[in-house]
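As the structure lists them, so they are numbered: ligands from 1, and atoms in each ligand from 1. Only this structure's heavy atoms are used, side chains among them; waters, hydrogens and symmetry mates stay out.
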Amino acid sequence: MISERTQVGIVGAGPAGLLLSRLLALAGIDSVVVENRSRAYCEARQRAGLLEDRTVRLLRAAGLADRLDREGLEHGGIYLQFAGERHHLDFRDLVGRTVTVYAQTEIVKDLISERTRAGAALHFDISATEVEGIGTDHPVLRYADADGQRHQVRCDVVAGCDGFHGICRPAMPAGLMTVAERAYPYAWLGILADVPPSTDELIYCRHADGFALHSMRSLEISRLYLQVPLDEDITAWPDDRIWAELWRRFEVPAWELKEGPILEKSVTPMRSFVAAPMRSGRLFLAGDAAHIVPPTGAKGLNLALADVAVLADALVALIRDGDGGPAGAYSAACLSRVWRATHFSWWMTSNLHVPPGQDPMDEQLQLAQLRYVVASRAAATTLAENYCGWPG
Ligand SMILES: Cc1cc2nc3c(=O)[nH]c(=O)nc-3n(C[C@H](O)[C@H](O)[C@H](O)COP(=O)(O)OP(=O)(O)OC[C@H]3O[C@@H](n4cnc5c(N)ncnc54)[C@H](O)[C@@H]3O)c2cc1C
């Protein structure tokens, strides 16, 4: 067993763990990041791609926005399509704000490259991660490195940034956490296609046969989604069927969907999940380790990065200044924003998807709500300020 010492042990090299390590490094706090996947896997894992303006500002302040500022696509609104008609919501006009398309894969690459350049501890392909002693002043992080060598890292704090299936949330004391959860009765079939987007801004479409989303990762790569039944078998969806269904759901007069080679496809179930509190003793949870939203509101990545911005300040106060006040307020500060985003994501999901066996009352209630959003400036503003990120 190799014994080591650090100030903050970080479990998980997703966006949350990597950004936390960067923010701490800028404040002179040492950390060790351990990740059970390979670097190549982390850099290729297709997930989110839409950044709130405060997320962009956070990445700029952390010195991580050179490529984001060059390659990110600033969007001033979205299209909302239902009942065969497409409507534009203009965020610049409604709330004076924008969002930016820049893939999570690129953020992760930028963060890994910065940490590697700085020569700071970042260990991929590790296994058997364990956290112990969170009720003491020196919790211990244990893992086996890629060669199977066991390590024991004595920390001041452990940050659980290990996503929904990680080991840190289960390491919280039994009976401490309250979990609120909702599973949705449908899933998203997502594709990444080597074709320029057929739209300048994202299209959120409610079709009688289910939701569809036209997103993008760059000016060359499109990302598209279809609502499919829960546990849908991906082999039932050859490329031709996917394009035909996308055409059908997005169809409006004088608009064309560009098709291209499908680079990747997957089916993702949808869930809302919030576990509270996000801290026990010297273990702090951040990002998907503590909460999950369905992707319809484009909030998961933004929430994860917002958590670690608060956490970094709290840990600097605790470790450098001996001030435990911000650490004590961490969970409540994050959960207020998390619940706003959880509500918004649920609202977008519930109004745009067609659940199995939807009855005429629910269908008309959805359509009435969508008509109201595009007709009322007040309703459109509510959507815009949540989509761009409510500060709370
Ligand atoms: C398929 C999918 C599609 C998504 N699409 C969108 C979207 O379109 N828009 C959006 O806003 N959000 C989306 N999300 C959510 C968004 O990607 C997440 O909210 C975001 O990745 C959260 O970052 P994180 O760092 O908290 O967690 P993660 O990105 O999950 O990172 C956690 C890391 O911890 C590692 N890890 C886990 N267990 C251990 C362990 N025991 N030891 C060491 N390391 C461990 C994992 O390998 C992973 O690298 C999607 C999520 C998924 C799963």
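- When all heavy atoms of A317 and P326 are compared, the closest pair comes out as CB-CG, 3.8 Å.
- At a 4.0 Å heavy-atom cut-off, ligand 1 touches T268 through the side chain alone.
- In terms of protein heavy-atom proximity, atom 33 (C) of ligand 1 is closest to E35 OE1, 3.6 Å.
- Around atom CZ of R92, more than 12 heavy atoms belonging to other residues, nucleotides or ligands sit under 6.0 Å away.
- Near A304, with a cut-off below 4.0 Å to any heavy atom, the atoms of ligand 1 are 22 (C), 23 (O), 26 (O).
- For ligand 1 and G12, the ligand atoms under 4.0 Å from any heavy atom of the residue are 33 (C), 34 (O), 35 (C), 44 (N).
- Considering each of A16, A48, A13, the one bringing a non-hydrogen atom nearest atom 6 (C) of ligand 1 is A48.
- Considering backbone and side-chain atoms alike, Q46 places every N or O at 3.5 Å or more from each N or O of ligand 1.
- The residues D156 and R282 are annotated as not salt-bridged, no charged nitrogen and carboxylate oxygen being separated by less than 4.0 angstrom.
- Per-residue contacts place G287 under 4.0 angstrom from the following atoms of ligand 1 (heavy atoms of the residue considered): 26 (O).
- Of all protein heavy atoms, the one lying nearest to atom 37 (C) of ligand 1 is D162 O, 3.1 Å.
- Counting only heavy atoms of the protein, atom 28 (P) of ligand 1 lies nearest to R47 NH1, 3.3 Å.
- Every atom of ligand 1 is numbered from 1 in the order shown, and the set under 4.0 Å from a heavy atom of T129 is 40 (C), 41 (N), 42 (N), 43 (C).
- Paired with V158 under the rule side-chain contact (heavy atoms from CB on, under 4.5 Å), one option of L283, V153, I134 passes, and it is L283.
- The side chain of V11, and not its backbone, has at least one atom closer than 4.0 Å to an atom of ligand 1 (non-hydrogen atoms only; side chain from C-beta on).
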Exercise for the section: For Y186 and E232, run side chain to side chain contact (heavy atoms under 4.5 Å, CB included): C-alpha distance rounded to whole Å, both residues' side-chain angles, the deciding distance at 0.1 Å, then the answer. Expected result: CA-CA 9 Å; Y186 31 73; E232 182 73 324; over 6 Å; no
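- Among the atoms of H165, none of the N or O lies under 3.5 angstrom from an N or O of ligand 1.
- Contacts of C161 with ligand 1, taken as heavy-atom pairs under 4.0 Å, involve the backbone alone.
- Around CD of E256, the count of heavy atoms belonging to other residues, nucleotides or ligands within 6.0 Å does not exceed 12.
- Of the candidates N36, I167, V267, N36 brings a heavy atom nearest to atom 36 (N) of ligand 1.
- Against a heavy-atom cut-off of under 4.0 Å, P295 is close to the following atoms of ligand 1: 6 (C), 7 (C), 8 (O).
- The aromatic rings of Y330 and F284 sit perpendicular, their planes meeting at an angle over 60°, well past the 30° parallel limit.
- The heavy atom nearest to atom 23 (O) of ligand 1, out of those in P15, C168, G14, is found in P15.
- Ligand 1 places these atoms under 4.0 Å from at least one heavy atom of K299: 11 (O).
- For W346 and Y184, the ring centers sit 6.0 Å or farther from each other.
- By the 6.0 Å and 45° rule, R86 stacks over the aromatic ring of W255.
- For M361, the CE atom is loosely surrounded, since the number of other residues' heavy atoms within 6.0 Å does not exceed 12.
- The shortest contact between atom 11 (O) of ligand 1 and any protein heavy atom is with G300 N, 3.1 Å.
- If you number the atoms of ligand 1 from 1 as listed, the ones under 4.0 Å from a heavy atom of A298 come out as 11 (O).
- Close contacts of ligand 1 with G166, meaning ligand atoms under 4.0 Å from a residue heavy atom, involve 38 (N).
- In this structure, atom 16 (C) of ligand 1 lies nearest to the protein heavy atom Q104 OE1, 3.6 Å.
- Proximity annotation for atom 27 (O) of ligand 1: of D307, L141, D288, D288 comes nearest, heavy atoms only.
- Separation of the F82 and H87 ring centroids falls under the 6.0 Å cut-off.
- Residues Y204 and Y79 keep their aromatic ring centres 6.0 Å or farther apart.
- A heavy-atom distance below 4.5 Å is not found between the side chains of D125 and N36.
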